[in-house]
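Everything on this sheet refers to the single structure shown next.
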Amino acid sequence: SPQDLLPGISREQRLLLAGLIALVVGIGLAVVLDRSDNRLRTRRETAARFGLPVIAEIPALSMQKRRRKVVVAEEPDSVKAEAYRTLRAAVMLHRRKDDDTGFTRPRHERIPRDGISGNGRRARPDRDIILITSPAAGDGKSTTVANLAVTYAESGRSVLVLSGDLWRSSVARRFGVKPSRGVSDFLASDGATPLSTYVRKTSVPGVQVVTGGLAMRRPGGRLLAERRLIDEAHRLADVVIIDTAPLPAASLTCELSTMVDTVLVVSRVGRTTAADAERCADQLEQLGAPTLGVVMVGVTTPLFSDYFSYGAPRRAQRLAADEAEAEEGRPDPIIGHEQPDLRQPGRHAPPARPVG
């Protein structure tokens with residue numbers, strides 16, 4: 001019994017000792033679980049595991065917004081919409097830096113005299129064909145594609161979204177486009193039908209979509225048809241954004257990643273593991289894909305919320321002050337008499353107010 005094991009100790013002391021033992025065991029178990037959990041949660045961990053810079057951090061969205069809404073179109077003044085615009089700026093500004101003659105291109109992007117890049121792509125002056133992938137399913141690729149497309153449309157450029165995920169195509173539904181003939185049908189037709197016949201309009205001005213298609217799903221290997229898909233898409237719009245299946249799961253994603261101008265990798269905070277990140281990064285490096293960086297989605301830290309919440313009331317106060325000053329006959333709190341109406345002839349302007 002406890003009395004025999006701990007003679008001379010009261011019941012209260014035994015309960016206190018048992019509580020201390022449970023606390024130590026609980027702390028040890030928490031440490032073990034934390035060490036065994038290799039999911040990426042911070043910007044530093046994500047950049048280190050992928051070996052790529054984190055170019056944008058997207059705040060966490062509710063499940064309803066992730067599945068049904070395009071935040072940039074429906075909430076254009078929100079913090080989340082501004083985060084997607086930051087992503088657009090990162091891609092566009094990197095293109096400008098890349099076009100500078102003083103910038104050293106990566107090995108797979110160096111363009112020799114014949115105009116063919118290191119991975120076999122015909123050299124283009126712009127980086128306007130963007131492929132978005134991720135290490136695993138459910139990381140937020142389709143949500144990122146839809147919102148990034150709207151940000152480009154806001155800048156006055158025409159955008160064509162290709163649903164390259166032939167197994168779980170969902171990006172078209174976010175724009176209200178029903179399943180129809182699309183990418184898989186184009187690849188199966190061997191160029192008999194132009195891509196323009198598969199283009200569907202959306203409710204967002206400047207954004208068009210090509211769905212995943214209705215034809216039998218092909219795993220890949222149709223390189224000529226895929227190159228034709230990229231070239232025709234580039235002629236139909238200023239910017240082409242391709243939503244794809246996870247990189248390790250689809251050969252089509254691997255093949256398309258070598259034909260585009262920019263590859264973005266989406267990583268979900270608290271979901272993407274270190275092993276998946278390293279596997280995806282190694283595969284992109286072996287393919288020679290023009291990977292720009294990582295987009296972290298699901299960030300819970302208030303990156304901009306403090307700034308926006310601070311600026312909103314100050315902006316409202318400035319607007320109220322401007323309206324008050326515009327009113328005629330309003331007494332001046334500093335001078336202490338009625339302000340003259342400068343629009344009436346014969347009235348002189350009041351003396352200048354002292355600074356400070």
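Side-chain contact check for Ser267 versus Val295: every heavy-atom pair is 4.5 Å or farther apart. Using a 4.5 Å cut-off on side-chain heavy atoms (C-beta onward), Val209 and Val199 make no contact. The closest side-chain heavy-atom distance from Val150 to Val71 is not below 4.5 Å. Counting heavy atoms from C-beta on, the side chains of Pro135 and Phe50 come closer than 4.5 Å. Between Ile130 and Val91 there is a side-chain heavy-atom pair separated by less than 4.5 Å. Side-chain atoms of Val159 and Asp238, non-hydrogen and from C-beta on, never get closer than 4.5 Å to each other. Inter-residue side-chain proximity for Val263 and Leu284 is flagged as met; some heavy-atom pair is nearer than 4.5 Å. Thr144 places none of its side-chain heavy atoms less than 4.5 Å from the side chain of Ile58.
Taking CD from Gln283 and OG1 from Thr253, the interatomic distance works out to 9.0 Å, rounded to the nearest 0.5 Å.
The backbone N or O of Val207 sits less than 3.5 Å from a side-chain atom of Thr202, completing a donor-acceptor pair. For Thr143 (side chain) and Gly140 (main-chain N/O), no donor-acceptor pair under 3.5 Å exists by modelled atom type. Using modelled atom types, one side-chain atom of Asp185 and one backbone atom of Leu214 make a donor-acceptor pair closer than 3.5 Å. Between the Glu45 side chain and the Arg41 main chain, a donor and an acceptor come within less than 3.5 Å of each other. Panel note: side chain Thr197, backbone Thr193; no donor-acceptor pair is recorded below 3.5 Å.
Of all non-hydrogen atoms in Val269 and Gly298, the two that sit nearest each other are CB-O, 3.7 Å. Taking each heavy atom of Thr211 and Ser163 in turn, the nearest pair found is C-CB, 3.7 Å. Scanning all heavy atoms of the two residues, the minimum distance from Ala289 to Ser257 falls at CB-O, 3.7 Å. Ala83 and Pro59 make their closest contact through CB-CD, 3.5 Å (heavy atoms, listed as atom of the first residue, atom of the second, distance). Scanning all heavy atoms of the two residues, the minimum distance from Gly293 to Ile55 falls at CA-CG2, 4.2 Å. Nearest approach of Ser134 to Ala136, heavy atoms of both residues: OG-O, 2.7 Å.
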*asked:* Applying side-chain contact (heavy atoms from CB on, under 4.5 Å) to Tyr198 and Leu162, what does each step give before you reach the verdict?
replied: CA-CA 10 Å; Tyr198 302 111; Leu162 301 181; over 6 Å; no
*Going through the checks in order, is the side-chain contact (heavy atoms from CB on, under 4.5 Å) test met by Val266 and Val297?*
CA-CA 7 Å; Val266 175; Val297 301; 3.9 Å; yes
*Kindly indicate, with the supporting measurements, whether the criterion side-chain contact (heavy atoms from CB on, under 4.5 Å) is fulfilled by Leu195 and Arg235.*
CA-CA 10 Å; Leu195 182 63; Arg235 289 195 294 267; over 6 Å; no
*asked:* Before you tell me yes or no, could you show the steps for Asp128 and Thr262 under side-chain contact (heavy atoms from CB on, under 4.5 Å), namely the whole-Å CA-CA distance, both residues' side-chain angles and the distance that decides it to 0.1 Å?
replied: CA-CA 8 Å; Asp128 293 331; Thr262 303; over 6 Å; no
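Listed by chain and residue number, Val54 satisfy the side chain to side chain contact (heavy atoms under 4.5 Å, CB included) test with Ala47 (two or more places apart in sequence, or in another chain). Not a single side-chain hydrogen bond (donor to acceptor under 3.5 Å, both in side chains) links Asn147 to another residue, sequence neighbours left out. Remark: Arg43 pairs with Glu57 by the salt bridge (Lys or Arg N to Asp or Glu O under 4.0 Å) rule, at least two apart or across chains. For the side chain to side chain contact (heavy atoms under 4.5 Å, CB included) test, residues two or more places apart in sequence or in another chain that qualify with Ala225 are Leu187, Arg222, Arg228. Listed by chain and residue number, nothing satisfies the side-chain hydrogen bond (donor to acceptor under 3.5 Å, both in side chains) test with Thr151 (two or more places apart in sequence, or in another chain). Contacts of Glu154 classified as side-chain hydrogen bond (donor to acceptor under 3.5 Å, both in side chains), with partners at least two apart in sequence or in another chain: Arg85. Listed by chain and residue number, Asn38, Leu40, Arg49 satisfy the side chain to side chain contact (heavy atoms under 4.5 Å, CB included) test with Ala274 (two or more places apart in sequence, or in another chain). For the side chain to side chain contact (heavy atoms under 4.5 Å, CB included) test, residues two or more places apart in sequence or in another chain that qualify with Leu23 are Ile27. The side-chain hydrogen bond (donor to acceptor under 3.5 Å, both in side chains) test applied to Thr273 returns Asp276, not counting sequence neighbours.
Sorted by first and then second residue, the salt bridge (Lys or Arg N to Asp or Glu O under 4.0 Å) pairs involving residues 193-205 (not counting sequence neighbours) form an empty list. Among pairs with a residue in residues 130-147, those fulfilling salt bridge (Lys or Arg N to Asp or Glu O under 4.0 Å) read Asp139-Arg271, at least two apart in sequence or across chains.
Checked against Thr291 for a side chain to side chain contact (heavy atoms under 4.5 Å, CB included), the options Thr133, Val265, Leu131 give a single hit: Val265.
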Only distances under 3.5 Å count here; give the side-chain donor-acceptor pairs of residues 239-248 to other protein atoms, sequence neighbours excluded, each with its distance to 0.1 Å.
| from | atom 1 | to | atom 2 | distance (Å) |
| --- | --- | --- | --- | --- |
| Asp243 | OD2 | Ser142 | OG | 2.9 |
| Thr244 | OG1 | Ile132 | O | 2.9 |

